[in-house]
Every structure is written in structure tokens, then in C-alpha cells.
Colleague: 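What follows is a single structure, and I will ask about it in a moment.
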Amino acid sequence: MPTPRHQLRLRVICGRYSYARLEPDAPIPVWAEDATFSFQLRTLDELAVICPCENVPATVRQEGPWKIIKIDATLDFNQVGIIASLAAPLAEAGVSIAPIASFDTDYVLVREESLDPALAALRAAGHTVI
């Protein structure tokens, strides 16, 4: 069965973000908290943090800068193919992504230098960027 293709409303979140890696037993640092956007994921192997670039100390292992594209809708957990509808055209355009999800919606991180080609590819695939 083919993957459903969705036409989504997207929004670029203001700011430049870093993906930081800390040891798995590290406490969530104060610098990881941000009122605009922050994300923390703890596993047995690591504590991953996404927050504004300027918050991350230079001594912390990090990748960035990233831009964040938000699906501007509340999504149902039973919807199929949401990320695939973004990932497929971005892959065809040669844009690497890091998808993440909150309870309400999904986000796709793209490297800052890839934002313009990413948005062009998403618009060409029928998505709306507001």
C-alpha cells in the first residue's frame, strides 16, 4: 500500500538551534531550558538536548546550527505518513533531516544552510509555508 501524501501547513520557528549531547546520567542543565523551544531526550546511552545555539556552552559536544520546521497543526496519533510526506521530498532534494515529535505535532530540523532548498522542495510537494 502506498504511503499517504499529506499537504501540510508548515511554520519555521525563529532562531538557530543546536543539538547537544551529554552523558546519560547528566542532569538537565539550566541552559537547556528555553521558553521558545527546547527538547530533551534521555536514553540509556545519552541525554540529547535541542535548544538555541547561544545557550549551549562551547565545551559541550553539539551539532548546528539547525532551523526548525513545525507542522502547524495538532496531529492525531493514528495519522499515517505525516513525516514521510516531508521526508520524501526533502530526501529527493538532498536535504538531511532530524525529525522529532511533541504530544501535539511534529517538527523537522534541517541544517541552517539547507533551509532555503528545504522550503522550496516542501512547497513544490504541495505544502504551505506560513
Colleague: Among the clusters formed by ILVMFWY side chains lying less than 4.5 Å apart, do Y19 and W31 turn up in the same one?
Modeller: no
Colleague: To the nearest 0.5 Å, what is the distance between CG (L115) and CD1 (I69)?
Modeller: 5.5 Å
Colleague: For residues 94-117, which residue pairs qualify under ring pair (Phe, Tyr, Trp, His ring centres under 6.0 Å), counting only residues two or more places apart or in two chains?
Modeller: F37-Y107, F77-F103
Colleague: Strictly distance-based, threshold 3.5 Å: is any side-chain N or O of H127 a donor or acceptor partner for the main-chain N or O of L119?
Modeller: no
Colleague: If you measure from CG on D106 to CG on L75, what distance do you get to the nearest 0.5 Å?
Modeller: 5.0 Å
Colleague: Quick one: closest heavy-atom pair of P52 and Y17, and the distance?
Modeller: N-CD2, 3.5 Å
Colleague: Does R11 have any side chain to side chain contact (heavy atoms under 4.5 Å, CB included) partners at least two apart in sequence or in another chain, and if so, which?
Modeller: R9, D72, I130
Colleague: Can you hop from V12 to I83 via hydrophobic side chains spaced under 4.5 Å?
Modeller: yes
Colleague: List for me each residue that meets side chain to side chain donor-acceptor pair (under 3.5 Å) alongside S114, sequence neighbours excluded, and say none if there are none.
Modeller: none
Colleague: Please report the interatomic distance CD(E113) to CH2(W66), rounded to the nearest 0.5 Å.
Modeller: 9.0 Å
Colleague: Give a yes or no on whether R123 atom CZ has more than 12 heavy-atom contacts from other residues, nucleotides or ligands under 6.0 Å away.
Modeller: yes
Colleague: For A73 and T105, work out which heavy atoms get closest and say how close.
Modeller: O-OG1, 2.9 Å
Colleague: Mind listing the closest non-hydrogen atom pair of C51 and A32 along with its distance?
Modeller: CB-O, 3.7 Å
Colleague: Measure the spacing between CD1 of I68 and CD1 of I50 and express it to the nearest 0.5 Å.
Modeller: 6.0 Å
Colleague: With the side chain counted from C-beta on, respond yes when L10 and I71 share a heavy-atom pair under 4.5 Å apart, and no when they do not.
Modeller: yes
Colleague: So that I can tick it off, tell me whether R111 and E63 are bridged by a salt bridge, with the cut-off set at under 4.0 angstrom between side-chain N and carboxylate O.
Modeller: yes
Colleague: Under 4.5 Å between side-chain heavy atoms, hopping through other hydrophobics if needed: is there a path connecting I28 to V30?
Modeller: no
Colleague: Using side chain to side chain contact (heavy atoms under 4.5 Å, CB included), reason through L109 and I97 one step at a time and then give a plain yes or no.
Modeller: CA-CA 6 Å; L109 283 74; I97 66 169; over 6 Å; no
Colleague: What is the minimum heavy-atom distance between P24 and T43, and which atoms define it?
Modeller: CB-O, 3.6 Å
Colleague: Under a 4.5 Å side-chain heavy-atom rule over Ile, Leu, Val, Met, Phe, Trp and Tyr, are I82 and L90 clustered together?
Modeller: yes
Colleague: Return the CG to CG distance between N55 and D34, rounded to the nearest 0.5 Å.
Modeller: 5.5 Å
Colleague: Within this structure, what is the CD-CG distance for the pair Q62 and L22, rounded to the nearest 0.5 Å?
Modeller: 10.0 Å
Colleague: So, for K67 and I13, which heavy atoms are closest and what is the spacing to 0.1 Å?
Modeller: NZ-O, 4.3 Å
Colleague: Side chains of R16 and E54: closer than 4.5 Å at any heavy-atom pair?
Modeller: no
Colleague: List the atom of V49, the atom of Q40, and the distance in Å for their closest heavy-atom pair.
Modeller: CG2-CG, 4.1 Å
Colleague: Please answer whether the main-chain N or O of H6 pairs with a side-chain N or O of S85 as donor and acceptor at a distance below 3.5 Å.
Modeller: yes
